[in-house]
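Quick notes on the structure that follows.
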Amino acid sequence: MKIMFFFLKQQVHYKAMLLALLLVSFTLSSRPVMSLVPNQCNDHCGTIQIPFPFHLNISCPSISTAFHLSCLNSTTLYLHIGFKTYRVLDFFSDGVLVDFPGTTGCRQYNDLNAFGFTKNDHFGISGDNVLGLYDCEDSSLCKAACETNDLPGCDGNNGGSLGCCYPLSDHSIWHFGDGFSFFSKFGCRGFTSWVVSRGTNTGKRGVKLEWAIPRNISDRICANNADMVNATTIEAGVRCLCKDGFVGDGFAKGAGCIKSCIKEGQEAYGKECDRPNHSHKKLVIFAGVLAPIFILVSFFLFLCILKRPVKPGSFQLDQARYNSTLSFRKGCRTRLFSYGELDEATRAFEDSQMLVNDKNGTIHAGILSDGSHIAVQKVQCETERDLIDVLSRIELISSVVHRNLARLVGCCIESGSTVLVVYEYPANGTLEKHLQYSKGQKFVLDWYKRLRIATEIASILAYMQYEIAPPIFHHGLKSSDYVFLDVDFSVKVSGFALLSLGCGDGHNNYENDVYDFGLLLLEIISGTKYTDMPTVALEKIKSGKLEEIVDPSLYYHEQPITRREQIEIVADIATRCLLFGADDKIGMIDVAKALVYIAKEGNKKGPEFEETFSNSSLLQMISMSPDSIHVP
């Protein structure tokens, strides 16, 4: 063992091979997911199975009468809390989704006082709910980032434009224990709600109530192989949760916890996990033959290492690579690629496949063996600190789910120093492709599409900076490199500086994201880009000749007056980004709110930008300081 440990510490070239073996072992040990377990009485209402601790039959084992339900006409399930009755829509492991009480027919908004419940010892309003608020007088509570969720209407179709969006997971205004009537303080007159489960951006209409059991009556309620966990919204409330390697409801009176495992590539439970695989005997024979060979080869390599000089500092870097294995597996929550797969997909990373080569690393386009298109970001790490930072940033981006963030497909680590992150490569290519001419033909983007694209880019940048901890910045936004469009022209942004901040030049001063977005807005308006575009654009705006920089394919003079005013407002926002973005006088959240407001309200300027610099004329600021614009 001492020989092997020393070998692991010293031999860099063989570390990659051992790392790959470890990655495989971690992959096989990932925890399977099991659906909610029915209660012991197998209660059901129509096609709805009822999980523990909820029950219909009062003689069914449970932990409190608070979880007693009623079933009407064998089709509709109801939960009773106090004097209120709520129709049950769905169950979660930690909660129940209910409809708005007294709802008949399709109503987009409900009275703030109608829900009639805040919390008790067993139920509380979950922080997973996202609210749509109606006709609010004070818009300061509205969160632009949450509007990027897919939130269906009561008829199942798209919910359309929200008047004001507020996620209850944001605790800056609303706090656990507050009811929905709290929002009447902001002049709001109605609301609707969706539950958006963690790790998704798709909402399901209704109000999610978290459930729990009071801690003072929770002795011996958890089954073996289960832990007691605190509730989020219910003070002094707890639930039971099965430990890793076990599944079930976790309660002694319920299904308890049964062992779970992966057997021959399939999920297995209980006694199945203790039975040997069909290939077990073959494996034992194979291992018996291979083990002596492996020992001899290891001993030979050890002798070679003893004769080989070791460079100063190599132990620290190599040890960091070894210790980073678990972090890398944790960070890369999706597919683990081999270097050979990505090398083949990108044609050995040849230059013709390169999309980007900048501070954030190189990005190559590729096609996997199944025909799917990918973009591979490659980052070189030279020190222990670099590698640790890279792995933490991979873990961070793996946890982010947003419809305008390019999906992270998988990861790869090669020789302990090269990290590769694999993203989806949307079918419609880059934004630049659709803004510029190609073979004499125009990929026409009308103004509506351009405004939506700008709004979606601003929303994802704001989300990454204000909703993620620690915040994530892009530091290199370009239409030609990182902004992609899918088949319905929805934005997919990739290449965030999650990796390069910890590697190489990670401590350099990067361009400000707000300034970069201002340049991108000008490009969206003009349909092109050139070196002195900021200076030229500001001069045209100052002299009242905005139409001279507007993309000719938009036919500015033929647009209705409201559309021309809208273009002017967006140009105004771009100007503010260029003048003040680099000095942090305006933030990405302000820009996103303004664009969302314009997209909804037509030619009206958002209140955030009306108030910003209200004592100064924008044109006056340009004319007073035409050379003060920050150009990185």
Let's go through V207 and N129 carefully: what are the C-alpha distance in whole Å and the side-chain angles of both, what is the deciding distance for side-chain contact (heavy atoms from CB on, under 4.5 Å) to 0.1 Å, and is it a yes or a no?
CA-CA 7 Å; V207 177; N129 293 300; 4.1 Å; yes
Assess, by modelled atom type and distance only, whether the side chains of S372 and D370 contain a donor and an acceptor separated by less than 3.5 Å.
yes
Looking at every heavy atom in both I234 and E210, which two are closest together, and how far apart are they?
CD1-O, 3.5 Å
Non-hydrogen side-chain atoms of V493 and N404 separated by less than 4.5 Å
no
Checking I374 against L342 for the side-chain contact (heavy atoms from CB on, under 4.5 Å) test, could you report, in this order, the C-alpha distance in whole Å, the side-chain angles of both residues, the deciding distance, and whether it holds?
CA-CA 9 Å; I374 57 171; L342 301 182; 4.1 Å; yes
Residue pairs passing the salt bridge (charged side-chain N to carboxylate O under 4.0 Å, His left out) test where at least one lies in residues 70-79, sequence neighbours excluded:
none
When you measure from the side chain of R239 to the backbone N and O of W211, does any donor-acceptor pair fall under 3.5 Å?
yes
Any idea which heavy atoms bring P101 and A114 closest together, and the distance?
CG-O, 3.3 Å
Answer yes or no for C165 and C142: SG-SG distance under 2.5 Å.
no
Checking the side chain of D178 only, and the main-chain atoms of H175 only, is there a donor and an acceptor separated by less than 3.5 Å?
yes
Apply side-chain contact (heavy atoms from CB on, under 4.5 Å) to the pair T233 and I125, showing each step before the final yes or no.
CA-CA 7 Å; T233 63; I125 298 173; over 6 Å; no
Side-chain donor-acceptor pair present, T192, R205, cut-off under 3.5 Å
yes
Grab the two heavy atoms, one from L79 and one from A66, that are nearest each other, plus how far apart they are.
CD1-O, 4.0 Å
Just so I know, are the side chains of V422 and L368 near enough to count as touching, which here means a heavy-atom distance under 4.5 Å?
no
Taking H55 for its side chain and P53 for its backbone only, find out whether a donor-acceptor pair lies under 3.5 Å.
yes
Smallest separation among heavy atoms of F182 and I173, with atom names:
CZ-O, 3.3 Å
Would you mind reporting whether Y423 and L405 have side-chain heavy atoms less than 4.5 Å apart?
no
Taking the two cysteines C242 and C257, do their sulfur (SG) atoms come closer than 2.5 angstrom to each other?
yes
Salt-bridge present (D94, K208; N to O < 4.0 Å):
yes
Using only the SG atoms, decide whether C164 and C136 are less than 2.5 Å apart.
no
Tell me if the aromatic rings of F183 and F191 count as close, with their centers under 6.0 Å from one another.
no
Ring centers of Y86, F115 separated by less than 6.0 Å:
yes
Could you please spell out the steps behind the side-chain contact (heavy atoms from CB on, under 4.5 Å) verdict for F473 and M464?
CA-CA 7 Å; F473 298 90; M464 301 296 270; over 6 Å; no
Whether D249 side chain and A255 backbone form a donor-acceptor pair below 3.5 Å
yes
Between S193 (side chain only) and G206 (backbone N and O only), is there a donor and an acceptor less than 3.5 Å apart?
yes
Using atom types as modelled and distance alone, determine if a side-chain donor or acceptor of H68 lies under 3.5 Å from a backbone N or O of L56.
yes
Identify the heavy atoms of H474 and S494 that sit nearest to each other, and give their distance.
NE2-O, 2.7 Å
Which atom pair, heavy atoms only, marks the closest approach of Y339 to K378?
OH-NZ, 3.9 Å
Are any side-chain N or O atoms of Y166 and backbone N or O atoms of W174, one a donor and one an acceptor, separated by less than 3.5 Å?
yes
Tested for ring-ring contact (aromatic ring centres under 6.0 Å, His included) against F67, the lone hit among F251, F54, F52 is F54
